[in-house]
Protein chains: 2
Amino acid sequence: MPILYRIKCVDYTLFMAVPSVPATAATLLEQAMFAFVDAYNQAWEAAASEHGLSTAHACVLGRVETRRSMGELAEELRCDASNITQIVARLEARELVHREPNPEDRRSRQIVRTPSGDELYGEFEQSFEFPRAAAASLTDAEREQLTALLQKAMGA
Amino acid sequence: MPILYRIKCVDYTLFMAVPSVPATAATLLEQAMFAFVDAYNQAWEAAASEHGLSTAHACVLGRVETRRSMGELAEELRCDASNITQIVARLEARELVHREPNPEDRRSRQIVRTPSGDELYGEFEQSFEFPRAAAASLTDAEREQLTALLQKAMGA
DNA sequence: AGGATATGCGTGATCCAATCAAGTAATTCG
DNA sequence: CGAATTACTTGATTGGATCACGCATATCCT
């Protein structure tokens, strides 16, 4: 199973301000969390745009590494199906994906990446170095710690 | 100084897929990082929309807790100045912010929140619980660890 | 001082993403 | 078979983002 990166509108670069408060352990952590999320979002967006992809296009292109229907895409990406129609149409116009009929349900379409879509997406992935670089800058023990702490922080 | 949350287009909810790889410590960490960033982005967006704010509006509203010029906003939010013009105009129409002349430079405008902008933004902040909740679910020692690990992972 | 240049902001055009309402075709259910 | 449901598309509309351009004000330079 692929890891699925969420990008809901990472086109923006706007910010939210949180009031200044004394630098307790909790608020220092909140600052660090924001800085991390921000860096991650920015890296993701930059990698997409380097390859002429909008964040939306990069998301869809990533999803269709394995064959998917429009409806699956819409559900996974939490957006309206007609939005997917539009995005897939643009990707198809660039010959990055292909819309195939589904023999088992003729209402449905199977979306797959074309070879050139594979290639472009591969390059895009290469240039999205942030998570790899982040992991690489830690020791093995630290990686395990960070993984556990992130999960605990999310309430997992 | 406030913490400034980046939101560049957190309107989207699309995803990027990363190829499946053996579950090494590094890739488990990459999954956890993504899950965390995703949860953070989603929470941020949900909090904004609960209060009738787009992510863009919430960002700007947050920034103008202290008086700011259009140009400062554009720079901080890494977007075109004319985008700020548009967003501030909408916030002003809702009487959440106010555009004041700058006596020291008559080309420039000072943007400030109105009382009702303060109120709305306060409520919004309350409902953006994610970072607080995340911090709260850890012990003091874990908070310090996580802060340090995030900083190290970012290469700080 | 006074003209060239730079700065701060606004306007209009255009594009993309997102949603909604409505429609078509195919499937499923009774 | 007919009604309801599902899968997707189309068209309209909104908002965010950028760009090209323009206006007013400031600054810089002899």
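Residue numbering restarts at 1 for every chain, and letters A, B, ... go by the order of the sequence lines.
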*Asks:* Look only at the side chain of B:T147 and the backbone of A:A32, and say whether a donor-acceptor pair between them is shorter than 3.5 Å.
*Replies:* no
*Asks:* When you get a sec, tell me which of D:dC8, D:dA7, D:dA26 is the closest nucleotide to the side chain of A:D105?
*Replies:* D:dA7
*Asks:* Under the ring pair (Phe, Tyr, Trp, His ring centres under 6.0 Å) rule, collect the residues that match up with A:F36, sequence neighbours excluded.
*Replies:* A:F130
*Asks:* Using whole Å, report how far CZ of A:R106 lies from P of C:dT28.
*Replies:* 12 Å
*Asks:* Within the 4.5 Å heavy-atom criterion, are B:L29 and A:E142 side-chain neighbours or not?
*Replies:* no
*Asks:* Could you tell me how far apart B:N83 (CG) and C:dC15 (P) are, to the nearest whole angstrom?
*Replies:* 17 Å
*Asks:* Measure from the side-chain N and O atoms of A:R113 to the backbone N and O of A:L61, and report whether any donor-acceptor pair falls under 3.5 Å.
*Replies:* yes
*Asks:* Between B:E45 (CD) and C:dT19 (P), how many Å, whole number?
*Replies:* 9 Å
*Asks:* Could you check whether the side chain of A:R107 and the base of D:dT6 have a donor-acceptor pair of N or O atoms closer than 3.5 Å, going by distance alone?
*Replies:* yes
*Asks:* Between residues 92-103 of chain A and DNA chain C, which residues have a heavy-atom gap below 4.0 Å?
*Replies:* none
*Asks:* Enter the distance from A:M70:CE to A:N83:CG here, rounded to the nearest 0.5 Å.
*Replies:* 9.5 Å
*Asks:* A:E104 has an atom CD; how far is it from atom C1' of D:dA7, in whole Å?
*Replies:* 15 Å
*Asks:* In whole angstroms, how far is the C1' atom of C:dG8 from the CD atom of B:Q110?
*Replies:* 12 Å
*Asks:* Using every non-hydrogen atom in the two residues, find where A:M154 and B:A39 come nearest and quote the distance to one decimal.
*Replies:* SD-CB, 4.4 Å
*Asks:* Got A:Q110 and A:S69 here, is their nearest side-chain heavy-atom distance under 4.5 Å?
*Replies:* yes
*Asks:* Choosing from D:dT25, D:dT9, D:dG16, which nucleotide comes nearest the side chain of B:Q86?
*Replies:* D:dG16
*Asks:* Start at the 5' end of DNA chain C and walk down; is the nucleotide closest to A:D80 or to B:S69 reached first?
*Replies:* B:S69
*Asks:* Rounded to whole angstroms, how far apart are CG on B:L53 and P on D:dG15?
*Replies:* 13 Å
*Asks:* Taking only N/O atoms, report every protein-nucleotides 21-23 of chain D pair under 3.5 Å with atom names and distance.
*Replies:*
none

*Asks:* Which nucleotide, D:dA20, C:dA25, D:dC8, lies nearest any side-chain atom of B:S82?
*Replies:* D:dA20
*Asks:* Check the distance between D:dC8's C1' and A:I87's CD1 and give it to me in whole angstrom.
*Replies:* 15 Å
*Asks:* Go through C:dT19, C:dC9, C:dA26 for me and flag the one nearest to the B:R109 side chain.
*Replies:* C:dC9
*Asks:* Which word best sums up how the rings of A:Y121 and A:F124 line up, parallel for under 30°, tilted for 30 to 60°, or perpendicular for over 60°?
*Replies:* tilted
*Asks:* Between P on C:dC9 and CD on B:E75, what's the gap in Å once rounded to a whole number?
*Replies:* 11 Å
*Asks:* C:dA17, D:dC8, D:dT18: which one has an atom nearest the side-chain heavy atoms of A:H57?
*Replies:* C:dA17
*Asks:* From the list C:dA17, C:dT19, D:dT25, which nucleotide is the closest neighbour of the side chain of A:R90?
*Replies:* C:dA17
*Asks:* What nucleic acid atoms does A:S108 come within less than 4.0 Å of, heavy atoms only: base, sugar-phosphate, or nothing?
*Replies:* sugar-phosphate
